[in-house]
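To start, the structure itself, in structure tokens.
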Amino acid sequence: MELLKIYHLLLSHFGYQNWWPAETRYEVVIGAVLTQNTSWKNVEKAIENLKKENLIDERKILEIDTEKLKKLIKPAGFYNIKAERLKNITHHIVKNYGSTENLAKLPIKLEDLRKELLNVKGIGKETADSILLYALDRPIFVVDAYTKRIFSRLGVIEGGEEYDEIRHIFEENLPKDLKIYKEYHALIVELGKHYCKKRNPACEKCPLSDLCDYSCLPYK
DNA sequence: ATCCTGCTGC
DNA sequence: GCAGCTGGAT
């Protein structure tokens with residue numbers, strides 16, 4: 001498996017992404033929920049709205065009226081359910097750990113913490129893993145729609161595999177390294193957005209074209 | 001399989 | 001105009 005090689009190709013093409021773009025752990029949690037099926041650009045606006053009101057704070061999100069929260073996060077779309085989801089995950093964190101910062105310090109087993117997050121309504125596998133990796137610094141590989149698309153086009157996976165199966169493929173073929181996990185997923189997103197697009201992929205310029213049979217590039 | 005939503009880029 | 005977006009629940 002050449003997953004590490006692909007990582008280095010992406011890294012030398014795009015450079016370090018230094019994900020996740022956030023000032024605090026809790027801001028990562030908020031971003032992870034808000035970006036569900038939503039482009040980051042729109043999430044930025046929602047987070048800006050929250051920052052203006054100094055709301056990137058677990059207690060304040062719990063205190064704020066849900067209708068007001070909906071208005072503030074509106075730019076991120078799906079604001080009705082996302083407001084509830086933000087309340088849900090925040091309530092879980094505060095009730096059990098006091099704060100995201102505090103949760104990050106606790107020596108809870110990764111699998112246990114993951115199951116716990118998945119029990120929060122509105123937190124699925126991808127959101128849970130994003131929180132674990134980027135907010136809590138836990139070594140877990142995040143799989144998203146870009147990951148599935150890119151690596152099925154590359155032929156590394158078939159495409160129909162389940163989330164955790166794909167996650168295991170990455171975890172078993174990469175060094176268990178936080179930095180690599182964080183950067184790799186960020187690089188995958190970058191490639192998916194600008195090159196390995198759903199339609200009209202830019203295969204000619206793709207840094208992985210040498211490894212990929214998906215496109216119909218001439219003389220390949 | 002469908003619903004939930006605003007916004008950007010083409 | 002409308003496809004697509006760092007999904008999840010029903």
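Here is how names work: the chains are called A, B, and so on, in the same order as the sequence lines, proteins then strands, and each is numbered from 1. A quick note: this is a predicted structure, and the numbers were derived from the prediction, not measured.
- Residue K41(A) contributes atom NZ, which lies 10 Å from atom P of dC10(B) at whole-angstrom precision.
- Across the protein-nucleic acid pair, H194(A) atom NE2 and dG9(B) atom C1' stand 12 Å apart, rounded to whole Å.
- A salt bridge links R167(A) with E171(A): the distance from a Lys NZ or Arg NE/NH1/NH2 to an Asp or Glu carboxylate oxygen falls below 4.0 Å.
- Within a 6.0 Å sphere centred on NZ of K51(A), other residues, nucleotides and ligands contribute more than 12 heavy atoms.
- When the side-chain nitrogen and oxygen atoms of Y79(A) are compared with OP1 and OP2 of dC4(B), none of them lie within a distance under 4.0 Å.
- Residue K82(A) has no polar side-chain atom (N or O) positioned under 4.0 Å from OP1 or OP2 of dG6(B).
- Between dT2(B) and dA3(C), the distance separating the two P atoms is 15 Å to the nearest Å.
- Under the 4.5 Å side-chain heavy-atom criterion for Ile, Leu, Val, Met, Phe, Trp and Tyr, L50(A) and V94(A) are members of distinct hydrophobic clusters.
- Both K45(A) and N80(A) sit near DNA chain B, but only N80(A) has its closest nucleotide nearer the 5' end.
- Applying the 4.0 Å criterion to OP1 and OP2 of dG7(C), one finds that T35(A) has every side-chain N and O outside that range.
- Following rounding to the nearest Å, N49(A) (CG) and dG6(B) (P) show an atom-to-atom distance of 14 Å.
- When heavy atoms are screened at a 4.0 angstrom cut-off, I188(A) is found touching no nucleic acid atom at all.
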| remark: Base-pair string, DNA chain B, Watson-Crick plus G-U, cut-off 3.5 Å on both distances, | for inter-strand, is ||||.|||||
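- When all heavy atoms of L69(A) and I64(A) are compared, the closest pair comes out as N-CD1, 4.0 Å.
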I'd like a list of close polar pairs between nucleotides 1-5 of chain C and the protein, N/O only, cut-off under 3.5 Å.
unit_1, atom_1, unit_2, atom_2, d
dA3(C), O3', R199(A), NE, 3.1
dA3(C), O3', R199(A), NH2, 2.6
dG4(C), OP1, R199(A), NE, 2.4
dC5(C), OP1, R149(A), NH1, 3.0
dC5(C), O2, S39(A), N, 3.3

| said: Checking V120(A) against H91(A) for the side-chain contact (heavy atoms from CB on, under 4.5 Å) test, could you report, in this order, the C-alpha distance in whole Å, the side-chain angles of both residues, the deciding distance, and whether it holds? | reply: CA-CA 10 Å; V120(A) 177; H91(A) 180 255; over 6 Å; no
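- Distance, L118(A) CG to dG8(C) P: 9 Å, rounded to whole Å.
- Residues F141(A) and D129(A) come closest through the heavy atom pair O-OD2, 4.1 Å.
- Taking hydrophobic clusters as Ile, Leu, Val, Met, Phe, Trp and Tyr residues chained together by side-chain heavy-atom distances below 4.5 Å, I81(A) does not share a cluster with I61(A).
- Rounded to whole Å, the P atom of dT5(B) lies 14 Å from the corresponding atom of dT10(C).
- In this structure, the nucleotide among dA9(C), dG7(C), dC7(B) sitting nearest to the side chain of T127(A) is dG7(C).
- Within 4.0 Å of G77(A), counting heavy atoms only, lies at least one base atom of the nucleic acid.
- Taking the charged nitrogens against the carboxylate oxygens, K60(A) and E53(A) have no contact shorter than 4.0 Å, which rules out a salt bridge.
- Of the possible donor and acceptor atoms, one in the side chain of Y163(A) sits under 3.5 Å from a partner among the backbone N and O of V143(A).
- Comparing G122(A) and P21(A), the nucleotide of DNA chain C nearest to each residue sits closer to the 5' end for P21(A).
- Distance E48(A) CD to dC7(B) C1': 16 Å, rounded to the nearest Å.
- One can place CZ of R85(A) at 4 Å from C1' of dG8(C), the figure rounded to the nearest angstrom.
- Looking at Y181(A), Y7(A), F151(A) one by one, the single match for ring-ring contact (aromatic ring centres under 6.0 Å, His included) with F170(A) turns out to be F151(A).
- Residue L34(A) contributes atom CG, which lies 14 Å from atom C1' of dC4(B) at whole-angstrom precision.
- At whole-Å resolution of the value, CD1 in I89(A) and P in dG8(C) are 12 Å apart.
- In the set dG8(C), dA9(C), dC4(B), dA9(C) carries the atom at the smallest distance from any side-chain atom of K121(A).
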